[in-house]
Amino acid sequence: MEEEEAIRRSNALEKDDIEYLRDDILDEQYLFEGVKLTDAEEREMRYKKKIYELVKKRSEEDETQSEYRIPDAYDEEGHVNQEKRFAVSLQRYNLDSAGDKMNPFAEQEAWEEHQMGKASLKYGSKNKNQSNDYEYVFEDKIDFIRDSVIDGENLDELHSELPDKSKEKSALEMLQEERKTLPIYPYRDELLQAVNEYQVLVIVGETGSGKTTQIPQYLHEAGYTKQGKVGCTQPRRVAAMSVAARVSQEMGVKLGHEAHCTSEKTILKYMTDGMLLREILSEPNLESYSVLMVDEAHERTLSTDILFGLLKDLIKFRSDLKLLISSATLDAEKFSDYFGSAPIFKIPGRRYPVEIHYTKAPEADYIDAAIVTVLQIHVTQSPGDILVFLTGQEEIETADEILKHRTRGLGSKIAELIICPIYANLPTELQAKIFEPTPEGARKVVLATNIAETSLTIDGIKYVIDPGFSKVKSYNPRTGMESLLVHPISKASAMQRAGRSGRTGPGKCFRLYTLHNYHKDMDDNTVPEIQRTNLANVVLILKSLGIDDLVNFDFIDPPPEEALLKALELLFALSALNKLGELTKVGRRMAEFPLDPMLSKMIVASDKDKCSDEIITIAAMLSVGNSIFYRPKDKQVHADNARMNFHLGNVGDHIALLRVYNSWRECNYSTQWCYENYIQVRSMKRARDIRDQLEGLLERVEIEVTSNLNDLDAIKKAITSGFFPHSAKLQKNGSYWTVKHPQRVHIHPSSGLAQVLPRWVVYHELVLTTKEYMRQVTELKPEWLVEIAPHYYQLKDVEDPISKKMPRGAGRAKE
DNA sequence: GAGCACTGC
C-alpha cells in the first residue's frame, strides 16, 4: 500500500517539489539526528525517502542532467555580465558546471556522499572540527570563519547611569535626567567650546550617542539661538519629525513652537536636507540661522551634496554662521578636507560588540545560503531575532515561501519561527508585524530590504545575515535610461548592516561571502547619489540661485560632466534656459515646484490648456511612483482586473492615474475603497499631500486652478508640453523607437496600453530591467510635437511612412 | 506579459 502510493506520488512530482523533498529529508536528518521520532514521524520519513529514491532512479533512467541552481543573473545595462559578480564564486560555479557535464548525476552522488558523511559525524567527529579560530556554525553546507569583533562602546555607562526611577519625579525631570545619561553628555562643554572656536566642525558619532537630539539643545542653552535659529537636517522626513517630537518633549514645549516648524518663535528647526535646499532659494544667505547642522552626512544624499557646495561658499560671506557636519567614521576625513581641514570631534556611541563571520568558501546561491543559515542559527544559537538583508520584494517572497515550507511539518520539534517580510511597498498593516514583540520561546526572522539598513530599527535583533548585495539605481546620461541593478554593497554598508545586530545586546553577523571578497570585491563607500542620477532638477535649482558655471562648481564629488550637459540640454529644450544658458521666465516658474523639470513644465504649460486641476493630480500621482497599485502574489488576477477598470477606453496610464485619484476623492478618500480596488492607501495619502502642496504653489506662480476633465486631448497636450522629449513611435514588430536619440524601447507590461500599441506615445520614464521599458505611457498625436515644440521637432521627425500603407487605427486593438 | 532598494520636494 505504502509502496503504491509512493510510486503514484513520485510520478506527480515536479522538479521543485523534488528539491523540497530532498531538503526536507536533509533538514530532518540533520536537525534531529539522535532525537527519537514518534512512529508517525518515522513512517513519514520512510515514505519521503521512498519517493525521493523513486524519483532519483527515474531521473537516472531518463539520463537527464542534474540541475544546479544558477545564481541570479547580474544584469548590466543592456546585457548580463556574470563575470562582474563576485569573481571567486563564479569560478566555483564554473567548476561545478564543468563537473556536471562529465557526470550528470553529480548532485545525486553529492547527496549520497553527504549521507555517508552524516553517518561518520554521528560518532563524534563533529566536535573535533571546532576550535577557537574556526567556528563551525554548521558543518553541513556553509562554513563560517569568525574573523573579527567590532568592539562595543561606552557600555559601562549604559549599565550604571540609568535614571533612578524609584523617586517621585515629574516627567520633564525624568527626561532631563535621561539626557545626562547619553554618551555625548560628558563632552558637552568641550563641544560648545569647539563650536565657539571654529566655524566648521565635523562631528563623528555613532548612532545612539545622542548627537542629533542633544547638540541643537546644547547650542540653544549656550545662547546661539539669540542670534538666529539652529537648523538640523536629516535625510528622511520621518526621522526629522520624530526627532523634533522628541526634542520638544525634552524641552517641555509644544511641537511647532520652539522646536521644529515655521513660526517666528521657532528656535530649533529639524527638517529634511531637501527642505533646507529649497529654503536657500528664497533666503540665499540663510540670515535667520546662526547654526546649521547637516546630520547623517555620510549617507550622501543628493541634497546633502548640493548643500555642501552651497554652504561651503556661504560661510565665506557669513563669518558668524556656524556649520556642523555630522557623519559616521569612514567619511570624516574627507569632509574635513573638503571644508578646509575642519577639526574632527569624536563622540563615542552606545553599542554592543558584534562578532563578524565570513563564509569559508563563496556561496553561489545566496538566497539558499541565507535560508540554511537562518535554520542553523535557529537550531544552534541562543535566543534572539534574526535579520536577513535581501535585494527586493521578489527575493523576499521567495525566501518567505521556502522558509515556511522548510519549517512546516517540523511542528513542535523546533521552536516556532516567525517570518516577517518587510519592504517599502508592503502595505502598512503588514509592516507593523515586525515591531510586535517576539513571544516567549519563539524566534523572529525578519526578511528585509535595505529599508532596515538606515530607515528603521527593529528591537531584539541579535543575528544579522548579510548576503552582500543590494539594488542600486543608476542613470545613463547618454540614453537617459535609469536602471535598478543588483550590485555588491560597499564595506561601509556591510558595517552598517553588521551594526544592526548589536543594538540591544552583543550580536553576531554572518556574511555570506568570504573575507577575500570583502577586501577585493567591495568598494569602501557606496557611490554617492549625485554620480548616478538624473541632474535636471539639481541644475535648475543651481541655475535659479545664479550659479552659472556648473562644471566648476565645488562639488565634494563631481557628477559626470555628461550628466550635467544632458541636464542643461533638457532644460534648454523645455525653454527653462535660453541659448546663453540663462534662466528664462518659464524656468523661474518651474523652479518653484519641487519636482522634476518635465513635471514642472507640464504644470506650467497646463495654464494654456486650462486643465491645471487635472495636471497637478497627475503630477502628484506620478511623483508617488509605482507603488499605487497593490498586486499580492495570490490575487494577481483580481488586482489586474481592478486596475483595468481605470483604463477603460484605452485612455493611457496618465489619465488612468487621474481616474484613480478622482474616484478616491469622490468616495471621500475612503480606505475601504482602496482595499476594494487594490490601491495602496499609503501612496494615495502621499499623493494627496503632494497635490495639496502643488495647489498652493500654483497660486504663487499665478496659475489659476481650472478643471477641464471632459477634454482629454487638452490634458494629453499639457502632458506632451512637459514630456515631448520622451516620445516614441511604433515599429512594425511591435517595439518602439524613440524619436530623438533613437533607441529601441517597449511599453511596460503593466501599462494599460501594453496590448493596444498606439502608433505614437509619450512616456514618463525609461527603465531597464529585462528590456528597455517605457513606464506610464499615453497616446499622442504626432502633429502636437511640432505644434508644441517646433524648436525640437521638425516635420520630418513626425512624418509617418507607416501611415501611408496602413489606414488610421490599424495596428491597434479594438477599443 | 514583467517585476520596483531608499528618499525628498
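Atoms considered below: every heavy atom in the structure, side chains included; atoms not considered: hydrogens, waters and symmetry mates. Throughout, protein chains are lettered first and strands after them, A, B, ... in sequence-line order, and every chain is numbered starting at 1.
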Problem - Length of the line joining A:E397:CD and B:dA2:P, which is rounded to integer Å - result: 17 Å
Handout entry: Nearest-0.5 Å distance that lies between atom CG in A:L286 and atom CD1 in A:I280
Key = 4.5 Å
Exercise for the section: Return the nearest nucleotide to the side chain of A:Q393; candidates are B:dG3, B:dG8, B:dA5. Expected result: B:dA5
Exercise for the section: Just call it for A:V624: base, sugar-phosphate, or nothing, with non-hydrogen atoms closer than 4.0 Å on any strand. Expected result: nothing
Fill in the blank from the handout: With sequence neighbours left out, the residues meeting ring pair (Phe, Tyr, Trp, His ring centres under 6.0 Å) with A:F555 are A:F553
Exercise for the section: Please tell me which of A:V238 and A:G392 maps to the more 5' nucleotide of DNA chain B, matching each residue to the nucleotide holding its nearest heavy atom. Expected result: A:G392
Problem - For atom CG of A:L302 and atom P of B:dC6, their distance in whole Å - result: 18 Å
Problem - Sugar-phosphate only, base, or nothing, as touched by A:T391 at under 4.0 Å among non-hydrogen atoms - result: sugar-phosphate
Handout entry: Between C1' of B:dG1 and CE of A:M644, the distance in whole Å
Key = 12 Å
Practice task
Report which part of the nucleic acid A:R300 touches: base, sugar-phosphate, or nothing (heavy-atom distance under 4.0 Å, all strands).
Solution key: nothing
Practice task
Could you check which of B:dG1, B:dT7, B:dC4 has an atom nearest any side-chain atom of A:D640?
Solution key: B:dG1
Exercise for the section: Decide yes or no, distance alone: a donor-acceptor N/O pair under 3.5 angstrom between the base of B:dA2 and the side-chain of A:R631. Expected result: yes
Exercise for the section: Counting heavy atoms from C-beta on, name the nucleotide in B:dA5, B:dC4, B:dG8 closest to the side chain of A:R237. Expected result: B:dG8
Exercise for the section: Starting from C1' on B:dC4, measure out to NZ on A:K771 and report it in whole angstrom. Expected result: 18 Å
Practice task
For B:dC6, take OP1 and OP2 only and decide whether either is under 4.0 Å from a side-chain N or O of A:T449.
Solution key: yes
Practice task
Would you mind classifying the nucleic acid contact of A:Y773 as base, sugar-phosphate or nothing, using non-hydrogen atoms under 4.0 angstrom?
Solution key: sugar-phosphate
Exercise for the section: Would you state whether a donor and an acceptor, one from the side chain of A:N626 and one from the base of B:dC4, lie under 3.5 Å apart? Expected result: yes
Exercise for the section: Report, as yes or no, whether the 6.0 Å neighbourhood of atom CZ on A:R237 holds more than 12 heavy atoms from other residues, nucleotides or ligands. Expected result: no
Handout entry: Within 6.0 Å of CD in A:E283, more than 12 heavy atoms from elsewhere
Key = yes
Practice task
Select base, sugar-phosphate, or nothing to describe what A:T301 touches, counting heavy atoms under 4.0 Å on all strands.
Solution key: nothing
Problem - Integer-rounded Å distance: B:dA5 C1' and A:I489 CD1 - result: 12 Å
Problem - Whole-Å distance separating the CD1 atom of A:I451 from the C1' atom of B:dA5 - result: 9 Å
Problem - Short side-chain N/O contact from A:K471 to OP1 or OP2 of B:dC4, under 4.0 Å - result: yes
Practice task
Could you tell me whether A:E394 atom CD has more than 12 heavy atoms of other residues or ligands within 6.0 Å of it?
Solution key: no
Practice task
Mind checking A:A424 for me? I need base, sugar-phosphate or nothing, with any heavy atom below 4.0 Å counting as a touch.
Solution key: sugar-phosphate
Problem - Charged N-O contact under 4.0 Å between A:R775 and A:D653 - result: no
Exercise for the section: Return the nearest nucleotide to the side chain of A:P749; candidates are B:dA5, B:dG1, B:dG8. Expected result: B:dG1
Practice task
Would you kindly compare A:E394 and A:Y423 by the position of their nearest DNA chain B nucleotide and give the one closer to the 5′ end?
Solution key: A:E394
Practice task
Check every strand shown and say whether A:E529 touches a base, only sugar-phosphate, or nothing at a heavy-atom separation below 4.0 Å.
Solution key: nothing
Completion exercise
A:L766 atom CG is separated from B:dG3 atom C1', nearest whole Å, by 17 Å
Handout entry: Interatomic distance where CZ belongs to A:R278 and P belongs to B:dG8 [whole Å]
Key = 15 Å
Exercise for the section: Would you tell me if any nitrogen or oxygen in the side chain of A:S750 comes within less than 4.0 Å of OP1 or OP2 on B:dG3? Expected result: no
